[in-house]
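Quick note on labels: first sequence line is chain A, next is B, and so on, each numbered from 1.
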Amino acid sequence: MRFSKGFFPTVKEVPSDAIIPSHQLMIRAGLIRPLGAGIFSFLPIGYAVMKNVMQIIREEMDAIGGQEFCLPALNPVELWEESDRVRSFGDTMFHVKNRALVLAPTHEEVITSIARNHIRSYKDLPQIWYQIQTKFRNEPRPKSGVLRGRQFNMKDSYSLDASQEGLDNSYDLHAEAYKKIYSRCGLHFFIVGASSGAMGGSGSQEFMVESEAGEDTVALCDSCHYAANVEVASSGVAPAIRTKESHAIEEIFTPNIKTIDQLAEFLKVGTDRCAKSLVYIGDGKPVLIFMMGNDQLNETKLRTALGTDARAAEPEELSSLTGADAGSIGPIGLKANFTIIADKRLEGANGLISGANKNDYHIRNIDFNRDVKIGSYYDLRTVEQGEPCLKCSKPLRIVKGIELGHIFKLGTKYSVSMKANFLDDQGKEQPIIMGSYGIGLERIIACFIEQHHDASGIIWSKSIAPYDIHLICVNANSETVVAKSEELYRMLTETHISVLYDDRTNVTPGFKFNDADLLGMPLQVIVGEKNLKNNQIELKERLTGKRWTVAVDQLVGEVKNRVFGS
RNA sequence: CGGGGUGUAGCUCAGCCUGGCUAGAGCGCUUGCUUUGGGAGCAAGAAGUCGUAGGUUCGAAUCCUAUCACCCCGACCA
C-alpha cells in the first residue's frame with residue numbers, strides 16, 4: 001500500500017482523553033477512532049491487525065475441530081427469558097425498543113437453541129462450535145479505550161458433549177488452543193483459577209496479562225507460577241498460635257478503642273492475638289465472623305462458605321444484635337442468636353482478645369475450643385502482598401490483571417433450562433453437557449500494545465503486524481531514490497511480502513521516520529541517497545533500533561529471510 | 001447510580017475567576033516559492049452557531065438555571 005494513497009491518519013499530539021498507552025497509541029497510529037463512549041471505529045490499519053488476530057484464532061480453533069458459525073446479534077427476547085438471563089443480565093443487556101429483540105451480549109442461548117433442534121443422539125456428539133462476532137453490552141462505565149467497550153468483537157465457542165469426561169476433554173483442548181493463540185500473538189500471559197460465579201458449572205480459568213490498567217486483582221507466584229484471582233487465592237500465611245495453658249477469660253476496660261491496631265497498641269500485644277469480629281446478614285440471619293488481626297474478609301469467599309449472598313450489617317443492627325457498636329463486638333455475651341464462623345487461621349486458637357459486646361470493653365484469654373461455639377472454620381481472608389506461596393513458600397505478588405479470555409465448564413445449566421437433550425447409548429434422554437469459551441479480540445490488540453511499545457510508538461510482532469515491512473523513500477526529490485524505491489516496492493510485493501510504502505513527496509524524512517516508528521512495522525527498509533550511491537539499502541529493526549545496510553541486489557533476499565524466517 | 005473534571009478552529013489548548021472593541025496561540029489544512037536522513041523555512045489564505053436551550057444584563061465564551069456529551073475515581077462487571 002502506498003502511504004500517499006492510503007488512509008493513515010497518524011497524529012503527533014496525545015489525545016486528551018486517552019490515559020493508558022495502548023489507547024493513546026491506537027489513536028495516534030490511526031488504528032481506531034472513537035464514535036461514542038465505549039464505541040470505536042476500526043480504521044484500515046487497525047482492522048488489518050484485527051484480521052491477523054482472527055486468522056490465528058481461526059487456525060487454532062479449526063485445529064481442535066472447531067466449526068465456525070455466524071450467529072445473529074439480534075435475538076428474540078423470549079429466548080433469553082427461557083434461560084432467565086434477561087433478569088440476570090439486567091441493565092447490561094441492550095433491548096431493542098420497537099421489537100421484542102435484544103442485542104446479544106453472548107451466545108449460549110442461540111447455541112443451545114440450535115443444539116436442541118438438531119442434536120438427537122450421543123452419536124451427534126461431541127461438537128465444538130465457534131464464531132467471531134460482535135457482542136453488545138451496556139457497560140455502565142466504558143473505559144481504557146477498547147479494553148472495556150459497549151460493542152466489541154469476541155471469539156466465543158461452545159462445546160457440546162455427552163459426558164463429563166467429554167467436557168473435560170473439550171475444555172482441555174480449548175485451554176491448549178488458547179495458550180497457542182496468545183503465544184502466537186506475542187502476549188505474555190498467565191492462567192488463573194477463577195470462581196465459576198454466576199455462570200455456574202464446575203470449573204473455570206481466566207487467561208490474563210499483568211497490567212496497571214487491569215480490573216482484576218491477582219495473586220502471582222513468580223517462582224512456581226501459582227496464579228489465582230484474589231477472590232479465590234490462598235496463601236501459606238501462618239495460623240494463630242495455641243499456647244499450652246488456657247487462662248480464664250477476663251474482661252478489660254479499653255476506653256475509646258475501636259480498631260485492631262489501637263487495641264494491640266493499648267494492650268501491648270501483637271495483632272495476631274486479636275480476633276476481629278464482623279457481622280454480616282445472610283439470608284436474613286445474622287452471622288458473626290472472626291478474622292485474625294487485621295486480615296481482610298473476602299466477600300466472595302464468604303459467599304461461597306455461606307452458600308448465599310451476604311451483606312455487612314448496618315450500625316443500628318450491630319447494637320441491637322450484639323449490644324455494642326463496631327469495635328467492641330465479640331463472641332461472648334451476644335444478645336441475638338448468631339451463626340458463628342471463623343477464618344481457618346484462627347482454628348483452635350486460644351489466648352485471644354476480642355470485644356465484650358459492651359462498648360469500651362474487651363475480653364482476653366478467649367479459647368476458641370473452650371469458650372466459643374464455632375460453626376465452622378473456612379478460608380475467608382484476602383491474600384496480601386509478600387505472603388508465602390501455598391505451593392512453594394516464595395513470596396506472592398499481588399498485581400492487577402486484564403482478562404483476555406475465560407473458559408468455563410458450564411455443565412447442563414442451559415441444556416436443562418432450555419431442554420436441549422440427547423439419547424444416550426441406553427436410549428435414555430440426557431441434557432447436553434456444555435462448555436463456553438471466550439476471547440476478546442480488542443483486548444488482545446490493546447494488551448499487545450501495552451506490552452510492546454516504547455516512547456516512539458508501537459512495536460508489532462511479525463504475527464499480527466498490519467504490514468510485514470515499512471518501505472521508506474527518504475528523498476522524494478531524487479529521481480534515482482524514487483526509481484529504486486518504486487522498483488523495490490514492486491519486487492517485494494511480488495514476493496508476497498506486504499509492504500507499507502511511504503512514497504510521500506510532501507513530507508520531510510524526519511516525518512517519515514517518526515511515522516514509521518509510531519506505526520511500528522517490525523522491519524523498516526530505508527532507501528536514501530547516501531547509501532544508494534554506494535549501492536546499499538538500509539534496514540532497521542523496530543524492536544532493537546538496530547540498523548545495517550545490504551547491497552541492493554541482496555535486499556529482497558534479506559527481507560524475505562527476515563519476514564518468512566523464524 | 002454517587003463523587004470529580006472537561007466541552008472554544010481538524011488536533012492540543014489559552015481566554016472565563018473580575019462580563020466590554022472584530023475570540024486567540026501552536027500544530028494541522030490550502031496555494032506559491034525554497035527545503036529534503038529524525039515531526040522544515042518564508043509568504044499569502046481558508047477555517048469557530050465558544051456543546052445545546054433558556055435566563056440575567058445596555059452588552060455573555062465569561063454570570064445563573066436546565067440539559068446533552070465525553071473523561072477520571074467509586075459502585076457494577078456471564
Original post:
Which parts of residues 17-26 of chain A get close to RNA chain B, meaning a heavy atom less than 4.0 angstrom away?
Top reply: A:D17, A:I19

Subject >> For A:D379, all residues meeting side-chain hydrogen bond (donor to acceptor under 3.5 Å, both in side chains), sequence neighbours excluded >> reply: A:S234, A:K301

Original post:
Is the Lys NZ or Arg CZ of A:K409 less than 6.0 Å from the centre of A:Y171's six-membered ring, within 45° of the axis?
Top reply: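 Yes - A:K409 lies over the ring of A:Y171, closer than 6.0 Å to its centre and within 45° of its axis.
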
Original post:
Can a cation-pi geometry be assigned to A:R504 and A:F3, taking NZ or CZ under 6.0 Å from the six-membered ring centre and within 45° of the ring axis?
Top reply: yes

Does a side-chain N or O from [X] land closer than 4.0 Å to OP1 or OP2 of [N], or not?
X	N	result
A:N477	B:U35	no
A:T508	B:A40	yes
A:S16	B:U12	yes
A:R137	B:C76	no

**OP:** Using only heavy-atom distances, decide whether a donor-acceptor pair under 3.5 angstrom links the side-chain of A:E13 to the base of B:G28.
**Re:**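 No, no donor-acceptor pair under 3.5 Å.
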
**OP:** Test for a donor-acceptor pair under 3.5 Å between the base of B:C77 and the side chain of A:R148, counting only N and O atoms.
**Re:** yes

Subject >> Atom pair distance, as rounded to whole Å: NZ in A:K512 and C1' in B:A40 >> reply: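 Rounded to the whole Å, the gap is 14 Å.
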
Subject >> Side chains of A:R85 and A:E109 in contact at under 4.5 Å (non-hydrogen atoms) >> reply: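 In short, these two side chains touch, coming nearer than 4.5 Å.
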
Original post:
Where each residue is assigned the nucleotide of RNA chain B containing its nearest heavy atom, which of A:K530 and A:V14 is assigned the position nearer the 5′ end?
Top reply: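 Closer to the 5' end of RNA chain B: A:V14.
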
Original post:
With both distances under 3.5 angstrom, what nucleotide forms a Watson-Crick or G-U wobble pair with B:A75?
Top reply: none

**OP:** List the steps, then state whether side-chain contact (heavy atoms from CB on, under 4.5 Å) holds for A:V474 with A:E529.
**Re:** CA-CA 8 Å; A:V474 177; A:E529 208 157 24; over 6 Å; no

**OP:** Under the salt bridge (charged side-chain N to carboxylate O under 4.0 Å, His left out) rule, collect the residues that match up with A:E176, sequence neighbours excluded.
**Re:** A:K179

